[in-house]
Amino acid sequence: MNTNDALLTGVLAEVEYRREELQRAGRSVWVDRARRAGKRIRAQRAEVRVPAQERREVRQTPARSGDVTR
C-alpha cells in the first residue's frame with residue numbers, strides 16, 4: 001500500500017464520518033420541528049388561552065452593586 005492509497009482511505013473515512021454526523025444533525029432538526037408543530041396542533045385543539053404578555057415598567061434608578069433586586 002503506497003502513501004496515496006493510505007491518504008485516500010483516510011479521506012474517504014473522514015467523508016463518511018462527516019456525512020453520518022450531518023445526517024444525524026439533520027434528523028434531529030427535523031424531529032424538533034415536528035415536535036414543535038405537534039405542540040401547536042395540540043394547543044389549538046385544547047383551545048388553551050394564553051394571556052397577553054405585559055411589559056414591566058423600567059426602574060428609573062439603576063441598582064447598585066450591593067442591592068438585591070427582585
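Index from 1, following the sequence.
Residues passing the side chain to side chain donor-acceptor pair (under 3.5 Å) test with R24 are E21, sequence neighbours excluded. Looking at residues two or more places apart in sequence or on another chain, you find no salt bridge (Lys or Arg N to Asp or Glu O under 4.0 Å) involving R40.
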Compile the donor-acceptor pairs under 3.5 Å between side chains in residues 31-38 and protein atoms, sequence neighbours left out, one pair per line.
none

